[in-house]
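Reading through the structure tokens given below for one structure.
Atoms within a ligand are numbered from 1 in the order they appear, just like the ligands themselves.
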Amino acid sequence: MEQKAEFGMYGLPVDVKYCKKCVISNQRPSSVVEFKNTESSKKRTIGFDNEGVCEACRYAENKKSINWQEREEELHKMLARFRSPDGNYDCIVPGSGGKDSIVAAHVLRYKYNMNPLLVTWAPHLYTIPGRRNFEAWVNAGFDNITYTPNQKVHRLITKLAFENLVHPFQPFIIGQKNVAPKVASLYKIPLVVYGENEAEYGNPIKDNDKATRSTKFFTYEQRLEEIYLGGVNAKKLITDYGLTRADIEPYMPIAPEAAESLKMEVHYLGYYLRWDPQWAYYYSVENTDFYPNDQRTEGSYSKYNSLDDKIDWFHFYTYFIKFGIGRATYDAAQEVRNGHITRDEGVRLVKRFDGEFPKQYFRDNLEYMGVTEQKFYEIIDRARPPHLWKQVNQKWQLRQQVS
Ligand SMILES: [Zn+2]
């Protein structure tokens, strides 16, 4: 991988900066999944303004001046366009039973009188709290369609994604992103509603100023040669890895015409309602059988974020290796922004927990992907950008940390 003056491995800015208000660094990539990307010379990372404050913090400030009453009226109007008069499904809520999908489904049904159908792309490996919370979600009074991909195929692509991109979660993200519009198309349900907007965490602020997501994010001309899974071209997956076109289908987005003919719309409740992860957590506990893990999550201090899938633990660890941003940073940054902890507390939590090795499901994850322990460390160590990592007495250390 080439090392440029300004941008290093993965196209990250080599000059590492930390937000003055929260604990995030300028290494955080925007989490847009692209089909074409395997390597890009310059990645879009979270923006910092000239006062050294990140986009996510600026958005959190902007949120204070939003007239939420007006936004809720907009929500009423939007939902009125779709609401079924006879109890048929009128919207889809994608998710896995995390707190955000619980809140989204619950408020739509019980506060706004909608009839959501829940759609789930099955986790690779359910955790016990993940499975329990999935059941709490569905048992709160919903129908659910869970799509479980062919595990032989999914394991292979997950392994390739780990080996080629050091991103074992990529096939899940792609599958999950595409399954809801597909079910929408199949059942002729034109409205898909997510809870929180991912933009809260530092995608371009302009993405937060509208309620909808462009259909470009979930439609694509179905040209195999332009689609990559696990860093391998889809055509090559067929010729070199023995997969069939049908094996790849679950990962394919719907065609633009399918979304157009249905007049499909994708909305985020986070635009209409004042969304805050901690609020979402309390709401879930109060209104359903959701409950947090009985222990803190490795790599963080929290007990209720991203618990569904054992691969989450690997995912956050690889993220830490590649970008120097671990689960504690991720959790603390948003809690600082929402005023639950101070920046100093955030810094201490990051120093204490960030990058902790994910022991708990280590064996399960290796076995799932069919990767040996030795191979795992080889891949991990190759993935460390030199501008972030150094070796001291044969031990890897981050060159800098938030302070
Ligand atoms: Zn910030």
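Sorted by first and then second residue, the side-chain hydrogen bond (donor to acceptor under 3.5 Å, both in side chains) pairs involving residues 389-403 (not counting sequence neighbours) are Asp381-Trp396.
Cation-pi check for Arg71 over Tyr271 is met; the charged atom lies under 6.0 angstrom from the ring centroid and within 45 degrees of its normal.
Scanning for salt bridge (charged side-chain N to carboxylate O under 4.0 Å, His left out) contacts around Lys17 gives Asp15, with sequence neighbours left out. With sequence neighbours left out, the side chain to side chain contact (heavy atoms under 4.5 Å, CB included) criterion links Asn139 to Glu135.
A donor-acceptor pair shorter than 3.5 Å cannot be found between the side chains of Asn115 and Ser84. Using modelled atom types and a 3.5 Å distance limit, the side chains of Tyr251 and His154 yield a donor-acceptor pair.
Legend: protein N/O/S atoms lying under 2.8 Å from the Zn ion (ligand 1), waters omitted, number 4.
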